[in-house]
Amino acid sequence: MPQLYIVYLDEFGHVGPYVSVNDSHHNTHPVFGLGGFVLPATKVRSFSSFFFKQKQQLFSGYDIPEARKKAEKKGERFQLSTWEKKGSKQYSVANLKKFTKFLTSSTNRIINRITKDGGFLFYVGEAKKRGVNGHDPQRVYTASLKEIIKRLDNEFKSQDAQFLIFMDDHETRTQIVKNAIYEMHQQQKFQLVEAPVQVDSKLYQTIQCADWLCAIYGKISYFDVEPESKPDYEIFKRYFGDRVAQAQKRSNVRNNLPKKASQESLCKLVEKWQP
């Protein structure tokens with residue numbers, strides 16, 4: 001019987017148009033992508049327990065008690081099993097500078113567990129063309145999802161394995177999932193067992209882990225594509241770049257944008273044409 005793998009995905013970057021970091025409206029992120037990690041199905045349950053325990057150890061001192069107090073003030077029941085710590089808050093520049101050892105060690109434990117369990121990190125993104133005209137968020141999202149299905153299909157075909165995709169639920173993505181069904185059946189992506197499944201991240205520790213990883217992917221890809229706009233994101237590449245590169249398979253952020261000439265190449269050009 002073929003091995004079955006489960007793929008957990010969330011978004012990184014931003015699916016909307018991007019003009020520049022200084023634009024008054026379209027300034028969020030120059031990249032959009034989907035990413036997370038992959039595990040053998042037989043390792044999913046134990047990994048979920050591991051991640052849940054990691055959250056308790058990391059946040060029992062402040063975040064969890066605070067969330068419990070807020071729930072009680074609202075007259076709501078606090079459920080630790082559905083409490084989330086969003087990656088965007090966990091992996092901020094300020095946090096990484098202040099809690100460097102705390103964040104790097106906990107992240108390395110998670111990545112080490114994924115690879116030890118026979119899994120790998122996975123992400124696919126693309127630098128967006130600058131400007132608003134002609135930008136279609138649906139097309140951008142669909143292109144990323146199709147590329148993910150293609151790459152994973154190739155990966156698991158070589159292993160005679162199959163896979164399922166679980167994604168964080170977004171109401172606006174229903175049509176995109178339908179497109180994925182078409183991609184699977186019309187273009188013979190037979191390693192994908194069923195169309196991608198959208199789930200509530202509160203109920204899935206694995207999707208919450210994908211969210212954490214996407215926070216890292218998003219900042220590294222921003223720095224790679226436009227380092228002058230977010231120079232402080234270099235810290236994410238410094239502490240996580242090598243580990244992510246070692247643990248990933250078939251992952252990258254495509255960048256077909258025109259590249260600025262380096263200072264060195266400009267100097268050589270001036271020297272060449274000087275009389």
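This one's a predicted model, so the numbers in the text were calculated from it and none came from an experiment. Position 1 is the first residue of the sequence, and the numbers go up from there.
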*Does some side-chain heavy atom of Tyr233 sit less than 4.5 Å from a side-chain heavy atom of Val93?*
yes

*Atom of Gln205, atom of Ser81 and distance for their closest heavy-atom approach*: NE2-O, 3.2 Å

*Nearest-0.5 Å distance that lies between atom CD in Glu194 and atom CZ in Phe166*: 10.0 Å

*Compare all side-chain heavy atoms of Glu155 with those of Lys249 and state whether any distance is below 4.5 angstrom.*
yes

*What pairs with Phe51 under ring pair (Phe, Tyr, Trp, His ring centres under 6.0 Å), at least two apart in sequence or on another chain?*
Trp212

_Assess the residue pair Gln3 and Tyr5 against the criterion (side-chain contact (heavy atoms from CB on, under 4.5 Å)); give the C-alpha distance rounded to whole Å, side-chain angles, the decisive distance to 0.1 Å, and a yes or no._
CA-CA 7 Å; Gln3 171 84 288; Tyr5 287 84; 3.2 Å; yes

*Validate the cation-pi geometry between Lys128 and Tyr18: distance from NZ or CZ to the six-membered ring centre under 6.0 Å, angle to the ring axis within 45°.*
no

*Under the side chain to side chain contact (heavy atoms under 4.5 Å, CB included) rule, collect the residues that match up with Phe99, sequence neighbours excluded.*
Asn95, Phe102

*asked:* If hydrophobic residues (ILVMFWY) are linked whenever their side-chain heavy atoms come closer than 4.5 Å, directly or via other members, who joins Val132 in its cluster?
replied: Val19

*Shortest non-hydrogen contact from Pro2 to Asp160?*
CB-O, 3.3 Å

*When rounded to the nearest 0.5 angstrom, what is the spacing between NZ in Lys89 and OG in Ser92?*
11.0 Å

*Where do Tyr222 and Ser229 land on the side chain to side chain donor-acceptor pair (under 3.5 Å) test, with the steps shown first?*
CA-CA 9 Å; Tyr222 198 127; Ser229 296; 4.8 Å; no

*Measure from the side-chain N and O atoms of Asp153 to the backbone N and O of Gln191, and report whether any donor-acceptor pair falls under 3.5 Å.*
yes

*asked:* Side chains of Met167 and Val197, heavy atoms from C-beta outward: is any pair under 4.5 Å?
replied: no

*asked:* Testing the basics here: between Thr104 and Lys101, what is the closest heavy-atom pair and its distance to 0.1 Å?
replied: OG1-O, 3.3 Å

*asked:* What I'd like to find out is whether the side chain of Thr115 reaches to under 4.5 Å of the side chain of Asp117, using heavy atoms alone.
replied: no

*Does CG in Asp200 sit with more than 12 non-hydrogen atoms of other residues, nucleotides or ligands closer than 6.0 Å?*
yes

_Validation row: Glu84, Ser201 side chains within 4.5 angstrom (heavy atoms)_ = yes

_Donor-acceptor under 3.5 Å (Gln248 side chain, Ser251 main chain)_ = yes

*What do the steps show when you test Leu192 against Leu152 for side-chain contact (heavy atoms from CB on, under 4.5 Å), and what is the final call?*
CA-CA 8 Å; Leu192 178 59; Leu152 289 171; over 6 Å; no

*For residues Val21 and Lys230, report the shortest heavy-atom separation together with the two atoms involved.*
CG2-CE, 4.3 Å

*Assess whether side-chain contact (heavy atoms from CB on, under 4.5 Å) is satisfied between Ile148 and Tyr123, documenting all intermediate values.*
CA-CA 8 Å; Ile148 275 182; Tyr123 59 91; over 6 Å; no

*With a 3.5 Å cut-off and no angle check, do the side chains of Thr107 and Tyr91 form a donor-acceptor pair?*
yes

*Note, Asp168 side chain near Tyr8 side chain (heavy atom, < 4.5 Å)*: no

_Distance in Å, Asn112 CG paired with Gln246 CD, rounded so as to fall on 0.5 Å steps_ = 9.5 Å

*asked:* For Cys214 versus Asp10, what's the shortest heavy-atom pair and its separation?
replied: SG-O, 3.4 Å

_salt bridge (charged side-chain N to carboxylate O under 4.0 Å, His left out) assessment of Glu72 paired with Lys70_ = CA-CA 5 Å; Glu72 289 172 352; Lys70 287 180 181 179; over 6 Å; no

*Just jot down the salt bridge (charged side-chain N to carboxylate O under 4.0 Å, His left out) partners of Lys97, sequence neighbours excluded, or say none.*
none

*Out of curiosity, Ile6 CD1 to Ile165 CD1, how far, rounded to the nearest 0.5 Å?*
10.0 Å

*Which value, rounded to the nearest 0.5 Å, describes the distance between Ile114 atom CD1 and Thr206 atom OG1?*
10.5 Å

Residues 27-48 side chain polar contacts: donor-acceptor under 3.5 Å, at least two apart:
residue : atom : partner : partner atom : Å
Asn27   : ND2  : Asp23   : O            : 2.8
His29   : ND1  : Val31   : N            : 3.0
His29   : ND1  : Val31   : O            : 3.3
His29   : NE2  : Gly218  : O            : 2.8
Ser46   : OG   : Lys43   : O            : 3.1
Ser48   : OG   : Val44   : O            : 3.1

*Hey, are Ser106 and Gln54 close enough side-chain-wise for a donor-acceptor pair under 3.5 Å?*
no

_Distance-only side-chain donor-acceptor flag, Lys55 / Gln208, under 3.5 Å_ = yes

*Would a 4.5 Å heavy-atom cut-off, applied to side chains only, mark Phe12 and Leu213 as touching?*
no

*Which pair of heavy atoms, one from Gly131 and one from Pro17, lies closest together, and at what distance?*
O-CB, 3.7 Å

*Mind checking the NZ-CG spacing from Lys219 to Leu96? Nearest 0.5 Å is all I need.*
9.5 Å

*Please list, chain by chain and in numerical order, all residues satisfying salt bridge (charged side-chain N to carboxylate O under 4.0 Å, His left out) with Lys69, sequence neighbours excluded.*
Glu66

*Heavy-atom check, side chain of Glu126 versus side chain of Val253, under 4.5 Å*: no

_I'd like to know if the side chain of Arg151 pairs up with that of Asn252 as donor and acceptor (distance under 3.5 Å, no hydrogens or angles considered)._
yes

